[in-house]
Every structure is written in structure tokens, then in C-alpha cells.
Amino acid sequence: QKEVEQNSGPLSVPEGAIASLNCTYSDRGSQSFFWYRQYSGKSPELIMSIYSNGDKEDGRFTAQLNKASQYVSLLIRDSQPSDSATYLCAVNRAAGKSTFGDGTTLTVKP
Amino acid sequence: GAVVSQHPSRVICKSGTSVKIECRSLDFQATTMFWYRQFPKQSLMLMATSNEGSKATYEQGVEKDKFLINHASLTLSTLTVTSAHPEDSSFYICSAIGSGTDNYGYTFGSGTRLTVV
């Protein structure tokens, strides 16, 4: 079992819809959770961080964390074609070292 | 926000030569830097973790004599690919975290696309 698992996709949604990206992790001691966006040919950029159970909203993005279920998700409302990218889930273990999932590729169709 | 500068962005070299990639934290002190490699359409692969002033910790399967990492200051880490071969062609990305930011996300450099011919 991978430490951080994501559906590879591709996930395709129409423009304006809600895109839902999911991630599960195996280490119950994990404390910090991140979502990165990576456009093709570019390096990842941090878009959301979440540290406690519940929802955290930032513009069109909402991160959801459920530590009991070891589950973190990212919702993108009003999806735009510019949101088409690979989304990486990352979980922090000791000493600030993140473990990354393999990423989910999202395509938003106009 | 935190900025990490990575150079060069793109390099083409001949087989057998060495290439040095620089990663600088511009507005914070990077106590730890990470080096990743990513092949097309594949996930990030952590190569090594470097802490300022100490030897890098390499992941299993990464040759430390081939991928030389130096983290001589709190703002600069370098990765040297020695005796490069075509199979080393890849996208190399650094990331950094600073002191007191262990629970914060990574700041990534813009990446270096290495092509060995």
C-alpha cells in the first residue's frame, strides 16, 4: 500500500462544474496536508494547506480533512479550463518531509 | 511569499559531461532542500534531502557518487549530475523549507530540464 494514494484519473469535468479530487494516507500520525497544482512541463505550486479536521476554503478551492478516515480532498468550484493540471496531494511526516501522491490529472472541458 | 530560484531552466549536454544545477532561496533561509526527478507523465521522485552544512541523505537506489549534492549555505544547494548519460535526461526540481516551517508546504524551484545527447 502506498503511503499517499490518489486516483490517477484522468478526471474530466465540464467548465463551471465542481471537480472533486481525493487522497488517502496511511500514516495516522500525519499532521499536515497539502495540495499542489502542476501544469504540464512546470514545477508544482502550493495551492492549499490544511492541518485540522473540517473544511478550509480559499476562493474557489476547498480542502477537506478527515483524520479518522485518513482522507483529504480538494474541491474546485466553478471549474475553469485553466484549472486543467495534475493535482498532487502531499502529507507531512517527521522533520518537514512531505510524501507525495502520484497525482490526479484534471481536464476541464470548455 | 517564499521564492526559490533554480538555474538553469534548460540544459543540453553531451554524454559523459557533468552538469551543475543551482537552487537558491531568495527571501528565506532554507534549512532543508529536497531534490526531485520527474520523468514525463510520471510522479515526483525524491532523490535526496540536504541540510545546510551536512551531507545529503539519498533515497534508496539513487547513486550518491553520480548525483552530487552540496548545501553549503542556508540559501544555496547544488546538484551536479556527473558523467551524464541519456538515461539521466529528466526534469529536476528542487524544493526548500525554512526553519520554523516544518509544517508548511514546500516552495519549489521552477525546475531544470536536462537533455543528455
Side-chain angles (χ1 to χ4, degrees), chain A residues 2-11 21 23 25 27 29-52 56 58 61 63 65 67 72 74 84-107, chain B residues 1-10 21 23 25 28-52 54 56-59 79 90-115:
Chain A
K2 289 184 179 179
E3 292 182 59
V4 179
E5 295 215 45
Q6 297 181 249
N7 291 327
S8 61
L11 173 66
L21 304 161
C23 173
Y25 60 94
D27 184 357
S30 300
Q31 297 182 350
S32 308
F33 308 86
F34 308 95
W35 283 100
Y36 294 82
R37 178 176 60 200
Q38 186 177 22
Y39 291 114
S40 180
K42 304 294 185 182
S43 63
E45 58 177 322
L46 179 67
I47 54 172
M48 287 289 286
S49 58
I50 186 166
Y51 308 106
S52 54
K56 179 182 178 182
D58 183 1
F61 298 98
L65 175 61
K67 289 186 178 181
V72 58
L74 178 70
S84 298
T86 296
Y87 289 81
L88 303 170
C89 171
V91 175
N92 260 32
R93 41 186 176 148
K97 194 172 181 179
S98 287
T99 300
F100 285 83
D102 290 342
T104 299
T105 300
L106 170 68
T107 301
Chain B
V3 177
V4 173
S5 175
Q6 185 174 344
H7 293 282
S9 59
R10 189 178 294 268
I21 302 169
C23 183
S25 58
F28 68 102
Q29 294 185 326
T31 51
T32 305
M33 287 189 172
F34 304 92
W35 287 95
Y36 291 85
R37 180 167 56 182
Q38 188 176 39
F39 293 106
K41 298 192 185 299
Q42 294 190 21
S43 58
L44 291 172
M45 188 196 84
L46 179 65
M47 299 175 67
T49 302
S50 76
N51 294 295
E52 184 266 337
S54 61
T57 301
Y58 290 82
E59 296 297 304
L79 166 67
S90 188
F91 191 45
Y92 292 86
I93 315 171
C94 68
S95 66
I97 55 175
S99 59
T101 63
D102 283 358
N103 283 328
Y104 299 163
Y106 287 2
T107 300
F108 283 90
S110 55
T112 298
R113 190 161 303 283
L114 171 63
T115 302

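Convention: sequence-line order gives letters A, B, ...; per-chain numbering from 1.
When all heavy atoms are compared, the tightest approach of A:Ser43 to B:Ser110 is OG-CA, 3.5 Å. Among all heavy-atom pairs drawn from B:Ser43 and A:Asp102, the shortest one is OG-OD1, 3.1 Å. Scanning all heavy atoms of the two residues, the minimum distance from A:Gln38 to B:Phe91 falls at NE2-CE2, 4.5 Å. Residue B:Tyr106 comes nearest to A:Ser98 through the heavy atom pair OH-N, 2.6 Å, listed as atom of the first residue, atom of the second, then distance.
When heavy atoms are compared at a cutoff of 4.5 Å, B:Gln42 does not approach chain A at all. Only the side chain of A:Tyr36 has a heavy atom closer than 4.5 Å to any heavy atom of chain B.
Counted within 6.0 Å of NZ on A:Lys2, heavy atoms from surrounding residues, nucleotides or ligands total 12 or fewer; the atom is thus considered open. Taking a 6.0 Å sphere around NZ of A:Lys42, one finds it holds 12 or fewer heavy atoms contributed by other residues, nucleotides or ligands.
Chosen from A:Gly101, A:Pro44, A:Gly103, the residue pairing most often with chain B at heavy-atom distances under 4.5 Å is A:Pro44.
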